[in-house]
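For ligands, and for the atoms within them, numbers begin at 1 and follow the listed sequence.
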Amino acid sequence: MTNDHTSLTETTGAATTAESRADVAIIGGGAAGLSAAVALSRSLRSVVVIDAGEPRNAPSPGVHNLLGREGISPRDLIAQGRAEAEGYGTRMLSDSVTHARRDGGDVVLELAGGGELRARRILLATGLHDELPDVPGVADLWGTRVLHCPYCHGWEVRGQRIGVLGTTSMAVHQVMLFRQLSEHITLFTHTMPELSDDDWDTLAALGVEVVSGRVAELRAKGGEIDAVVLEGGHEFAIDALTVAPRFVANSDIYEQLGGTLSENPMGSFVETDFAGKTDLDGVWAAGNVSELGAVVAAAAAQGTMAGGAINGDLVMAEARAAVAARAA
Ligand SMILES: Cc1cc2nc3c(=O)[nH]c(=O)nc-3n(C[C@H](O)[C@H](O)[C@H](O)COP(=O)(O)OP(=O)(O)OC[C@H]3O[C@@H](n4cnc5c(N)ncnc54)[C@H](O)[C@@H]3O)c2cc1C
């Protein structure tokens, strides 16, 4: 039972002593990291969360499909989660982990703000970054008028004129999901593979307009979409554009410790077992870094699971050590 934190430097951004050592260091304080912190701190573990403060959904005005906190702003949700974790003794550092290495059984983390932290176990809860299609204007409206997830913000654009930017063969599936929310769907084929006869039949039956050719620009006006502009100059008026980003796990630390990323059609991720354990000793992962499709509630659930699993792992290690000490 070691959550008194006496060995941790406690000032935000200044964990400077080489002796600083936690039972668990959690890298990333989003839904996954903070949920794990609560589970671990409630088990009387010394926990430090190092968080760079850039949750993936920060551009979005509200978090949806989150029972009990429907529509809360992403920043408010994190502030609430931080307060809850701190209430049980978690130490929060507003900083970035820049490098990780092993030292004996510990992992040593270097911080951008200076100094190092040492932990018996680490949890990667660093999330992912969305690689957006390289179309001028798309990044500017990301999270407000440029969307990817019908469950996160589909309701907010229901009934509106929704464009789907085709970049992969999944575009037709995305069309169908958003067609559930609006009768006014336009598929811009852009760089997607050629449509099959079945695709054409489906799109015609659903009343989806198909616009062939590459999109040159998404033109904005006052925070709204003014027009989708094709190469050649044709313009189309829409209210929202859906895109399919490539999801890339924020995995530098995992790779520095010797891990290798896995790939699936959505992007790259850190592979884990059901409770978040990676193939590296003492290293767990939860949330979008390991599950590219996890929404906030799912990321939080994974964090809670991983927190319990890490505590269980420490409990077993301590019991083995106690038995060995007694025998000696
Ligand atoms: C535009 C948009 C809108 C969305 N809307 C919704 C929605 O309405 N409902 C919903 O359920 N889901 C939504 N999502 C999905 C949601 O963002 C994710 O499910 C959630 O953020 C995953 O939580 P996480 O803890 O895994 O990662 P994150 O929330 O991304 O948190 C990761 C944290 O780790 C930090 N970090 C990364 N690297 C380091 C490092 N080296 N050192 C220190 N800190 C680091 C980051 O700064 C960040 O604070 C949306 C996603 C996007 C892109």
Side-chain angles (χ1 to χ4, degrees), residues 12-13 15 25-37 48-75 77-79 81-82 85 92-100 109-113 117 122-132 138-139 141-157 240 242-257 267 269-270 272 276 284-304 306-307:
T12 295
I26 298 174
I27 306 152
L34 291 173
S35 298
V48 59
V49 175
I50 311 103
D51 184 36
E54 291 300 329
R56 180 180 164 220
N57 53 352
S60 177
V63 182
H64 298 288
N65 269 325
L66 184 61
L67 200 62
R69 300 313 306 259
E70 183 56 28
I72 187 174
S73 90
R75 299 260 180 218
L77 181 68
I78 295 306
R82 281 184 173 215
M92 294 293 316
L93 296 178
S94 296
D95 209 332
S96 267
V97 176
T98 53
H99 196 263
L109 304 174
E110 291 173 25
L111 305 183
L117 269 177
I122 66 167
L123 174 67
L124 304 171
T126 44
L128 63 77
H129 53 278
D130 297 276
E131 281 183 1
L132 297 173
V138 160
L141 296 179
W142 172 236
T144 56
R145 284 282 137 193
V146 175
L147 317 169
H148 73 299
C149 166
Y151 308 106
C152 302
H153 18 224
W155 166 270
E156 282 62 39
V157 297
T242 76
V243 300
R246 185 176 148 72
F247 303 140
V248 182
N250 296 322
S251 59
D252 290 359
I253 294 151
Y254 180 65
E255 293 175 84
Q256 287 160 8
L257 292 171
F269 63 100
V270 173
T272 69
W284 272 258
N288 275 163
V289 70
S290 53
E291 176 56 58
L292 301 175
V295 292
V296 168
Q302 290 171 3
T304 304

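For ligand 1, the polar-atom distance check finds no N/O of G143 at less than 3.5 Å from any of the ligand's N/O atoms. On a distance-only criterion, H153 and ligand 1 share no N/O pair closer than 3.5 Å. At a 3.5 angstrom cut-off on N or O pairs, L128 does not count as close to ligand 1. Checked by distance only, ligand 1 and A52 come closer than 3.5 Å through their nitrogen or oxygen atoms. The N/O atoms of D51, backbone and side chain alike, include one that comes under 3.5 Å of an N/O atom in ligand 1. The shortest N/O to N/O separation between N288 and ligand 1 falls below 3.5 Å. For ligand 1, the polar-atom distance check finds no N/O of N250 at less than 3.5 Å from any of the ligand's N/O atoms. Taking distance alone, with nitrogen or oxygen atoms compared against 3.5 Å, G33 stays at or beyond that limit from ligand 1. Considering backbone and side-chain atoms alike, A297 places every N or O at 3.5 Å or more from each N or O of ligand 1.
Contacts between L66 and ligand 1 below 4.0 angstrom, taking non-hydrogen atoms only, are absent altogether. Contacts between P55 and ligand 1 below 4.0 angstrom, taking non-hydrogen atoms only, involve backbone and side chain alike. Proximity of A125 to ligand 1, defined as any heavy-atom pair under 4.0 Å, is confined to the backbone N, CA, C and O atoms. Only backbone heavy atoms of D95 (N, CA, C or O) come within less than 4.0 Å of ligand 1; its side chain stays farther off. Residue contacts with ligand 1 for V289 are absent, since no atom lies close enough (heavy atoms, distance under 4.0 Å). Contacts with ligand 1 closer than 4.0 Å are made by backbone heavy atoms (N, CA, C, O) of A294 only, the side chain lying farther away. The residue Y151 has no part lying near ligand 1, judged by heavy-atom distances below 4.0 Å.
Ligand 1 places these atoms under 4.0 Å from at least one heavy atom of S96: 42 (N), 43 (C). Close contacts of ligand 1 with A32, meaning ligand atoms under 4.0 Å from a residue heavy atom, involve 25 (O), 26 (O). Below 4.0 Å from some heavy atom of G127 lie the following atoms of ligand 1, by number and element: 27 (O), 32 (C).
Closest to atom 38 (N) of ligand 1 by heavy atom, among V295, I253, T126, T144, is T126.
Residue V63 places a heavy atom less than 4.0 Å from ligand 1.
Atom 15 (C) of ligand 1 has as its closest protein heavy atom R56 NH1, 3.9 Å. C152 SG, 3.3 Å is the protein heavy atom nearest to atom 6 (C) of ligand 1.
For the side-chain contact (heavy atoms from CB on, under 4.5 Å) test with N288, the passing option among L128, V295, T126, N57 is L128; the others fail.
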